[in-house]
Asker: 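Attaching a single structure in structure tokens format; questions to follow.
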Number of protein chains: 2
Amino acid sequence: MKKGQVTIRDIALKLNISISTVSRALRDSPEIKLETRKKVLALAEKLNYTPNVVAQSLRVNKTKTLGIVVPELASHFFASNISGIQDTAYKRGYNVMICQSNENFEQEKSDIRTLISSRVDGLLISLSRETSSFEHLQHLIDREIPFVLFDRIVENLPVSTVTVDDSLGAYNVVQHLLQQGCQKIAFISGPKEMYICKKRIDGYQKALEEAELQHPYNNVQFSDLTNEDIRRITHELLDQEERPDAIFALNDPVAVEVLKVLKAKGLSVPEDIALVGFTNMPFSDALEPSLSTVDQPAYEMGRLAANNLLDQLMNPADFQPKNLVLDTELVIRHSSSKNNAMPKG
Amino acid sequence: MKKGQVTIRDIALKLNISISTVSRALRDSPEIKLETRKKVLALAEKLNYTPNVVAQSLRVNKTKTLGIVVPELASHFFASNISGIQDTAYKRGYNVMICQSNENFEQEKSDIRTLISSRVDGLLISLSRETSSFEHLQHLIDREIPFVLFDRIVENLPVSTVTVDDSLGAYNVVQHLLQQGCQKIAFISGPKEMYICKKRIDGYQKALEEAELQHPYNNVQFSDLTNEDIRRITHELLDQEERPDAIFALNDPVAVEVLKVLKAKGLSVPEDIALVGFTNMPFSDALEPSLSTVDQPAYEMGRLAANNLLDQLMNPADFQPKNLVLDTELVIRHSSSKNNAMPKG
DNA sequence: CTGTTAGCGCTTTCAG
DNA sequence: CTGAAAGCGCTAACAG
């Protein structure tokens, strides 16, 4: 944003042509004489001309910018989502502006407001852990501002969503644990309202029901996802009469916290208690024991979300919201392999 | 960016006053009658008016947006930097646009170009691992585009920088290892040209020199920071005649890779070989053994960098570049505590 | 193929 | 205290 910036007017003046001709030449309009175009391009190059995108935006009422709202940046999962979004956006000529809600509902609303007032063309949103009312999203719909929800979504809104099959992912985990001989599998969840919690609980319970255990066991613990709460819950689980022989944690960070408690208590994993996480975060394989988990295609989720949003922006007329659901992959490592057979992870 | 957006013109029309009055009222200009201001504010509220920042930007030739370039987003360290930047920027009325270079020099140049053409008011840059020439930065200086370098910086440019005292941080690590009785401490570095490598090597060597060991040992290995290379180097170190009794890794991810090799080889840490990283990434305390490392105030670095840049933007006239250097903190955990005394980590 | 003109929404002199 | 008018840099009818 410097004073000396050269404009199409400068070019026009030096070339003794009109600014509209310059504008057209720069944009490869077909109705410009080749010779003129070349002259313009050459001079633009020489003068180091860069179009003022602010002026362009104002004129065409489009900023070519997407807004992103994620619960937190310092999470490998969301960072990967964002990478996928960014790469896709750049490839299609868009920039991105990123906000983090810090898992805070008010901040989330404020972020959206900020992005709107920056006139982003569309939004990609992953809801905060606190978010349980959705007027702010309805407001976007009313104002016809296109957006896509990913990972932390809410259902039954007429917008596109991108998720993994959380339910199936959880189902697979429980099946695996059952195969390992676990009978009493507890699930440490996050808040009741969170989409991913609901879905993973569904999968967890479905697998347990299908198993038709002699002594049915169904043990879901809701946490607020703070480390203190995780520790508290873990201790409680260990003190319960029917102590679980496996703990399935909502995600890897939770699993790590559980693991610390188990170790501190002198319990061995997986012999005394098996443990599985969700997300396959970096270094989950470097823990001891290495952590079994569910791999999520984070980058791909971002890519799909961005492409969907951009399709919508390019062609608003015949756009239909899509609910994209990606597959996860169970990654079996030592924290849940009771037999001594070396797991593949 | 929707059609129905209300503008100051709409407000002016309904109130039968001029648009300049509305503009002034909205901006709390002192020369507006209280009554008028109230009327305007009320109607703006009612109509859900949001200023068009694009138009504002064009008019005042400022976007109130900062550009950020980092090597990668999916790194807790840079994500924390960014958090610090963002929080500070928002507090002072600025937005941010983020790009990642993916540790690629060409991408870094392209990112900067993109941000410039988006007319950001200033830039916060952390250089890619490949960057060893700096014309692109000089170009910014020539064009008088304010920017601040952080963490991955280059010296001797007339711009502000924010770093930690890498040299001292490394020095402290080596001192600590010597105290633990280690005599042969190897350092696994990244590329020669990287600022942080140079500084940490300085600290490493200074500490070794001061120690005046009977059998001086100085073993710096340069890597390209890929996991393959780290593994190769680790194996080589173990095969050397004078096998090290401690490995100091450039950062925690490198340390994790080293740790895996050591474990695979059946070596015990720290008894056979002590290990220390740098950065204090999340879950470095959950490794086994828990990883000794150097804590960096990443969020604070971002905060300081942003504040410095914003000071520069607010008051370009009497601005002097500053080189801010923050302290690190040695975090001693089990991977380097040979005595059985419980480390504080 | 090119030029003229209007205007995107806003801020800011300059007049009153 | 308020209004009129110019203009930020660019695009897009419209006219030739």
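Values reported hereafter were calculated over all heavy atoms of this structure, with side chains retained and with hydrogens, waters and symmetry mates removed.
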Asker: Could you state the NZ-P distance from A:K33 to C:dC1, rounded to the nearest angstrom?
Answerer: 8 Å

Asker: Contact class for A:I8 vs. all strands (heavy atom < 4.0 Å): base, sugar-phosphate, or nothing?
Answerer: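 A:I8: base contact, heavy atoms under 4.0 Å.
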
Asker: Just how far, in rounded Å, is C1' of C:dT12 from CG of B:N61?
Answerer: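 From B:N61 CG to C:dT12 C1': 14 Å.
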
Asker: Closer than 4.0 angstrom, basic N to acidic O: yes or no for A:K38 and A:E35?
Answerer: no

Asker: Report yes if some heavy atom in the side chain of B:T88 is under 4.5 Å from a heavy atom in the side chain of B:Y94; otherwise report no.
Answerer: no

Asker: Mind calculating the distance between CD1 (A:I11) and C1' (D:dG9) to the nearest angstrom?
Answerer: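 It works out to 12 Å between those atoms.
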
Asker: Distance from A:L73 atom CG to B:S83 atom OG, nearest 0.5 Å?
Answerer: 5.5 Å

Asker: B:D10 has an atom CG; how far is it from atom P of C:dG9, in whole Å?
Answerer: 8 Å

Asker: Rounded to whole Å, please give me the gap between CG in B:L58 and P in C:dG7.
Answerer: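 Rounding to the nearest Å, CG of B:L58 and P of C:dG7 are 17 Å apart.
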
Asker: Enumerate the residue pairs fulfilling side chain to side chain donor-acceptor pair (under 3.5 Å) with a member in residues 298-307 of chain B, sequence neighbours excluded, ordered by first and then second residue.
Answerer: B:D87-B:Y299, B:R92-B:N307, B:E300-B:R303

Asker: Can you tell whether the side chains of B:E72 and B:R129 come within less than 4.0 Å, N to carboxylate O?
Answerer: no

Asker: If you look at every heavy atom in A:I82 and A:I98, which pair is closest and at what distance?
Answerer: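 Smallest interatomic distance, heavy atoms only, reads CG2-CD1, 3.6 Å.
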
Asker: Using heavy atoms and a sub-4.0 Å distance, could you list which residues of residues 36-46 of chain B are near DNA chain D? By number, please.
Answerer: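 Within residues 36-46 of chain B, the residues near DNA chain D are B:T36.
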
Asker: What is the distance, rounded to the nearest whole Å, between atom CZ of B:R119 and atom C1' of D:dG9?
Answerer: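 Whole-Å distance recorded here is 9 Å.
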
Asker: Enter the distance from A:I153:CD1 to A:L137:CG here, rounded to the nearest 0.5 Å.
Answerer: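 CG of A:L137 is found 11.0 Å from CD1 of A:I153.
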
Asker: When you measure from every atom of DNA chain D, which of residues 14-27 of chain A have a heavy atom less than 4.0 Å away?
Answerer: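 Only A:I19, A:S20, A:S23, A:R24, A:R27 qualify.
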
Asker: State, without any angle test, whether B:N104 and B:E108 hold a side-chain donor-acceptor pair at a distance under 3.5 Å.
Answerer: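 Judged by distance alone, the side chains do not pair up.
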
Asker: Would you mind reporting whether A:D151 and A:Y195 have side-chain heavy atoms less than 4.5 Å apart?
Answerer: no

Asker: At under 4.0 Å, does any side-chain N or O of A:Y49 touch on OP1 or OP2 of D:dC10?
Answerer: yes

Asker: Taking the side chain of B:P51 as its heavy atoms from C-beta onward, which of C:dC10, D:dG9, D:dC1 lies nearest to it?
Answerer: C:dC10

